[in-house]
Amino acid sequence: MNEILSQIFQVGFFAAVIRIATPLVFGTLGELFAERAGILNLGIEGIMMLAAMSGFSTVFFTGSLWLGVLAAVLTGVVAGLVMGLLTVSLGLSQHVSGIGLTLLCSGLSFYCYRLIFGQPSTLPAIKPFETVALPVLAEIPIIGPILFNQFALVYLAMLIVPAAAFVLFHTPWGLNLRTVGENPLAAFSAGVSVTAMRYQALLLSGALMGLAGAFLCMAQYNAYTFGVISGRGWVCIALIVFGQWNPWKSAAGAILFACIDALQLRLQASSAINLPYQVFLMLPFVLTIVGMALVSRNALAPAALLKPFRKEAR
Amino acid sequence: MENPSLLEMRGISKRFGHVRANDGVDLTLNGGDILGLLGENGAGKTTLMNILFGVYTPDSGRIAIAGRPVHIRSSSDALAHGVGMVHQHFHLVARHTVLENLMVGQSGRGIRLDRNFILQRMQDIEQRFGLHLVPGARVSDLTIGEQQRLEIVKALIRGARILILDEPTAALTPQETEGLFTALRAMASQSMGVVFISHKLHEVMAITQRVVILQQGKVAAEVLNDGTISQRRLAELMCGQEISPPSKSSAKPGAVRLRMENLRTPGGARPSLKGVCLKIRGGEILGIAGVSGNGQSELADVIAGMLPPAGGILEINGKPVPRYTPRSMQALGVGRIPEDRMGTGLIPALPLSSCMVLSRIQEFRFSRCGFLKHAAIRRFADQQIESFGIKAAGHQVRTGTLSGGNLQKALLARELAWNPTLLLAAQPTRGLDVAATRFVHQRFLELRDRDCAIVLISEDLEELFALSDRIAVMYEGRIMDILDIQTATVANVGLLMAGVGGSK
């Protein structure tokens, strides 16, 4: 048993946790901005998938990873715009619009992938991001290799969490956004455009989801497969409830989930425990449900979540 | 040339569908004015003020502020022109602090939220108008009066020179109302303009200098409140007809309809009844007075069959209640006008015809073997709509589109259709205008004279004194005392409401 533990809890394990957590952090923060403005963006799973596809294809043909990231982000923004048209301008059901958007985006990504790559016998691959060791910081024992010998996008995720918390809680824009999500009428009567705020939140939300997709097929893997997202979008939605709509707590949730995910990967690889591998695959999701049940008992969703806003409604 | 007035609205018109909410309304407001805006529900007061605040755009008409023509397309336009509004239902974020609520919509002052700027303005406003608030308090912890103060401060912080208050005293205690009036007078003395919308005529008389009365979207009258006009006259101008207080014959009490002996309910989240003793006879109205939260809602829920008692005796028409469900109470002859018209009483999403038969749908005349008899339901609804004078475009309209007065008429129409022997009415005229209130009162008195027993729970003492034959005062889950209407005085009841004196 000791042997297994020492095998698992190595520097490499924690570095992997950070890597697994990164797309979840992007996705979670993206969803968080949307929900704080009162829109449940269930398009997340599909948006991540479509962004991964467009980003990957861009890199495949241009050879530029950063151009690929840009393409993924733009894809997310456009998808966010569609979500805005459906739920903000038309005021349709957010559940139906979101699930519809996920179906549309995932279908579209498979379709485009086939159009572009056909059915190749070997999986098209790109040269993915390489880790960048930050000078000085990477030299710190233990913490250095875990945190500061990572992909550029991981560093971006580390910066985005405090940035998101700052924007939400310490800027006028963030306060307006939260007010729109709690009581749109209060925002409206204070002269804030509910429509504009919700669109901005959705565009930002899409951009962050695009980053998540880009990371998965350009850093974590070097190829696009149909299972590239495999439920990570849905996990992000759970993580927000777990994190009580707070960027720090949601990011902590992402790391916790990543821990369990990394652990099950190691357990699968280790020959010490003889169980079907599906059991290990299940583990992070089972624990997500348990965690949610424990933590989200007194979760307080934004009061206007799921509620469309119409100015002249009587 | 004389100074232009602070606000001039000329020929304002606005239609919703085929309803003319405002029809060529003129309104002038000078600095230092407190203007009363009166009218029945649906007379167009709120529409007019929402136009001024940029919520609606008028179909025609001009607005000038301090002599300059303005176009107000949104509430930010209104705020920029110095127009602030305190809505009847507050526009506050309950989960945010006072300070956060005041900072919403502040822009152009750097990337960080500027707390100090707002704190300074708050202090300034407190000094000028005596409006005190604790910046760090959560709105959900504030009383209604404090929340209203926050709404006013919010408008003032944005530089409002014209303040619109829509039904500001509806939920305030007398002391809070007095505080509000002091602040309003301070504003007027600093040459701001205040528009005061209210149903409560005595308050309009107390605070305003001039009163504009709207009727069906038009200005029906404009009068100076110089002490020569009476409340009665204002009410008549508002309704366009003479108002006489409901005439009440002396009570002829009959058989005992409801008897409660030492009735108790379980405690917990709600206040509990701690041994209530009551007896009500047919042909009398028993008023229940009390500060809200002293067990009146629980008493109502017990009689309605929604809250099973924990102990004690409850008899209806001399027989103990077999089961505590709303349906069995109904079967015993209990009719009910619940406090919460739109939740417990009627279902806003359903057509009016369905709401009118909801509680009686199991009856043979409305359904057979689980199938609805649509024709019979429609006929019944049409008949009730007509005999109760419910203003609705037909029995098929969504119930939620009706005005408060018409909702209450619909409820009455449903509950009175089957001649209950005991009627339970909780806050039956809350939010209703003069004419609708009169209608409800008239019906109650008719019902009483037909030997029905009525339990009237109300926070409106004027109403209790006008209708009741006896008044029971509740305090902390007990009946403090039951007073005969001939000997009861407001001061007397007020003391009992505060828990002073009484026979228990």
Decide side-chain contact (heavy atoms from CB on, under 4.5 Å) for A/L175 and B/H96; before the verdict, give the C-alpha distance in whole Å, the side-chain angles of both, and the deciding distance to 0.1 Å.
CA-CA 10 Å; A/L175 178 62; B/H96 289 178; 4.1 Å; yes
For the pair B/S75 (side chain) and A/F188 (backbone), establish whether a donor and an acceptor sit closer than 3.5 Å, ignoring hydrogens and angles.
yes
Per-residue contact mode, A/F169 against chain B (heavy atom under 4.5 angstrom):
backbone
Measuring heavy-atom distances to chain A, does B/L92 have an atom under 4.5 Å in its side chain, in its backbone, in both, or in neither?
backbone
Take a 6.0 Å sphere around CD1 of A/I143 and say whether it holds more than 12 heavy atoms from other residues, nucleotides or ligands.
no
Is the number of heavy atoms from other residues, nucleotides or ligands under 6.0 Å of B/Q120 CD greater than 12?
no
Do A/N183 side-chain atoms and B/V93 backbone N/O form a donor-acceptor pair below 3.5 Å?
no
If you take all heavy atoms of A/A303 and B/R95, which pair is closest and at what distance?
N-NH2, 4.2 Å
Roughly how far apart are A/L185 CG and B/H89 NE2, rounded to 0.5 Å?
10.5 Å
For residues B/K154 and A/S189, report the shortest heavy-atom separation together with the two atoms involved.
NZ-OG, 4.4 Å
Can you confirm whether more than 12 heavy atoms, excluding those of B/Q216, are under 6.0 Å from its CD atom?
no
Taking every non-hydrogen atom, the tightest pair across B/V104 and A/T179
CG2-OG1, 3.0 Å
To check you understand the geometry: which heavy-atom pair defines the closest contact between A/P172 and B/I111, and what is its length?
CD-O, 3.0 Å
